[in-house]
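Heavy atoms only: backbone and side chains are in, while hydrogens, waters and symmetry mates are out.
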Amino acid sequence: MATTVPVKTDAPDGGGPGGEDTPGAARAPRRTGRLRRVSLPYLLLLPALLLELLVHLVPMVTGVVMSFKELTQFYIRDWSTAPWSGLDNYDLAVDFNAPVGEALLRSFLTTCVFTVLSVGLCWLIGTAAAVCMQDTFRGRGLLRALFLVPYALPVYAAVITWVFMFQHDNGLVNHVLYDQLGLTDKPSFWLIGDNSFFALLTVSVWKGWPFAFLIVMAGLQNIPKELYEAAALDGAGTWQQIRRITLPSLRPVNQVLVLVLFLWTFNDFNTPYVMFGKAAPEAADLISVHIYQASFVSWNFGTGSAMSVLLLLFLLVVTGVYLALTSRGRKTADV
């Protein structure tokens with residue numbers, strides 16, 4: 001009886017003897033799978049990056065280019081044909097002895113004072129409200145919801161409501177302060193003159209403190225209650241617990257919160273524009289509205305673009321210094 005002896009042949013697909021795969025062939029699928037895993041996050045981020053490029057980066061680059069051109073209403077149809085002016089627009093903006101530079105400096109200082117007061121009051125009111133809302137009591141959920149109403153309202157609806165309340169003859173503010181409480185000698189003009197600054201500050205704080213309240217309240221959830229219980233057993237009062245436990249624990253949250261509030265407030269355009277229109281009073285002439293007036297009212301887009309670039313550089317420098325200082329302070333605290 002004849003017997004058949006099996007013969008080993010090389011696999012046609014490049015495998016080893018007996019059909020066994022070589023180590024190189026086994027690595028190829030692993031490399032492909034690893035490449036897919038590494039590239040998948042970037043592919044998912046690609047649509048967002050493209051939209052960010054179109055929405056923010058392209059207009060930013062266009063504005064930088066426009067700041068080096070003598071772009072006025074005569075070249076508005078085709079701004080690319082406007083003649084180059086070099087650094088003339090920047091020289092005009094930073095010449096504080098000239099009317100344009102002097103007005104820009106005054107607007108910048110007004111914006112700085114307004115931002116410091118607004119951010120400080122928003123943080124103070126929001127933190128105080130969040131600390132008070134930590135204790136359990138009847139109606140706490142309703143109060144939390146009511147506190148968030150100013151933040152949830154559309155900006156235009158909220159600001160227009162405040163404009164009606166600040167009216168001289170039939171506004172609610174004068175009715176309460178003059179007619180009801182008698183705190184003023186006569187009804188005040190809140191939308192013109194020096195009082196416009198306080199009116200704008202009131203609306204800004206009213207809109208901004210609920211955001212601070214929301215962020216701080218979320219940060220308080222991460223503080224263990226055992227710390228407060230141990231401090232109470234050691235005889236620490238409420239203020240000592242806030243100073244020794246609450247504020248140090250909220251330092252990372254407050255660092256981000258203050259930066260976000262600063263950027264939002266310094267760049268706020270909707271609130272002053274809806275309150276005062278194109279011509280804001282000198283006391284409430286924030287730099288965002290001032291740049292708008294220089295660009296779209298005076299029809300000098302080159303100078304307005306130069307002011308915008310200077311504002312961008314200022315915010316980048318302040319943000320970089322702030323992040324450097326806070327990160328250094330965090331490392332020192334960790335050590």
Joint cluster assignment, [X] & [Y], ILVMFWY side-chain distance < 4.5 Å:
X    : Y    : value
L200 : L121 : yes
L227 : W239 : yes
V163 : L153 : yes
L105 : V113 : no
I125 : V260 : no

Taking it one step at a time, do H168 and W190 satisfy side-chain contact (heavy atoms from CB on, under 4.5 Å)?
CA-CA 7 Å; H168 176 265; W190 293 102; over 6 Å; no

Would you check if the side chain of [X] reaches a backbone N or O of [Y] as a donor-acceptor pair within less than 3.5 Å?
X    : Y    : result
S288 : D268 : yes
T81  : D78  : yes
T326 : L323 : yes
S107 : I287 : yes
N254 : L250 : yes
N89  : A306 : no
K69  : A82  : yes
E70  : G302 : no
S118 : F114 : no

With respect to Q167, which candidate in V173, N174, L191 satisfies the side-chain contact (heavy atoms from CB on, under 4.5 Å) definition?
L191

Under the criterion side-chain contact (heavy atoms from CB on, under 4.5 Å), I'd like the reasoning laid out for F276 against L286: C-alpha separation, chi angles, the key distance, then a yes or no.
CA-CA 11 Å; F276 307 114; L286 299 187; over 6 Å; no

Aromatic ring pairing [X]/[Y], orientation class (parallel under 30°, perpendicular over 60°, tilted between):
X    : Y    : value
F213 : F147 : perpendicular
F266 : F314 : tilted
Y90  : F68  : tilted

Determine whether the aromatic ring centres of [X] and [Y] lie less than 6.0 Å apart.
X    : Y    : value
W206 : W162 : yes
W209 : Y151 : no
F262 : Y322 : no

With heavy-atom distances below 4.5 Å as the criterion, would you say the side chains of [X] and [Y] are in contact?
X    : Y    : answer
L257 : F211 : yes
Y75  : P83  : yes
D95  : V100 : no
V321 : L325 : yes
D285 : T110 : no

Let's go through V64 and L312 carefully: what are the C-alpha distance in whole Å and the side-chain angles of both, what is the deciding distance for side-chain contact (heavy atoms from CB on, under 4.5 Å) to 0.1 Å, and is it a yes or a no?
CA-CA 10 Å; V64 173; L312 175 62; 5.8 Å; no

Please give me the minimum heavy-atom distance between [X] and [Y], naming the atom from each residue.
X    : Y    : value
T319 : L315 : OG1-O, 2.7 Å
V203 : M275 : CG2-SD, 3.9 Å
C122 : L261 : CB-CD1, 4.3 Å
G304 : I291 : O-CG2, 3.6 Å
S196 : A284 : OG-CB, 3.7 Å
R140 : M133 : CD-O, 3.0 Å

With a cut-off of 6.0 Å (strictly less than), are more than 12 heavy atoms of other residues, nucleotides or ligands near [atom1] of [X]?
X    : atom1 : answer
R244 : CZ    : no
Q241 : CD    : yes
D194 : CG    : no
Y42  : OH    : no
D185 : CG    : no

Rounded at 0.5 Å granularity, tell me how far [atom1] in [X] sits from [atom2] in [Y].
X    : Y    : atom1 : atom2 : value
L143 : C132 : CG    : SG    : 10.5 Å
Q293 : N300 : CD    : CG    : 13.5 Å
L172 : T161 : CG    : OG1   : 11.5 Å
L104 : L109 : CG    : CG    : 9.5 Å
L177 : L183 : CG    : CG    : 6.0 Å
S295 : L71  : OG    : CG    : 9.5 Å

Distance-only polar pair, side chains of T265 and T115, donor-acceptor under 3.5 Å
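Note: T265 and T115 side chains miss the donor-acceptor criterion.
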
Y228 versus T246, side-chain donor and acceptor atoms under 3.5 Å:
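Result is yes, a qualifying pair exists.
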
Ring pair (Phe, Tyr, Trp, His ring centres under 6.0 Å) assessment of W299 paired with F74
CA-CA 9 Å; W299 294 98; F74 302 106; over 10 Å; no

Take H290 and R106 through the side-chain contact (heavy atoms from CB on, under 4.5 Å) test and state the conclusion after the steps.
CA-CA 10 Å; H290 188 86; R106 182 174 59 250; over 6 Å; no

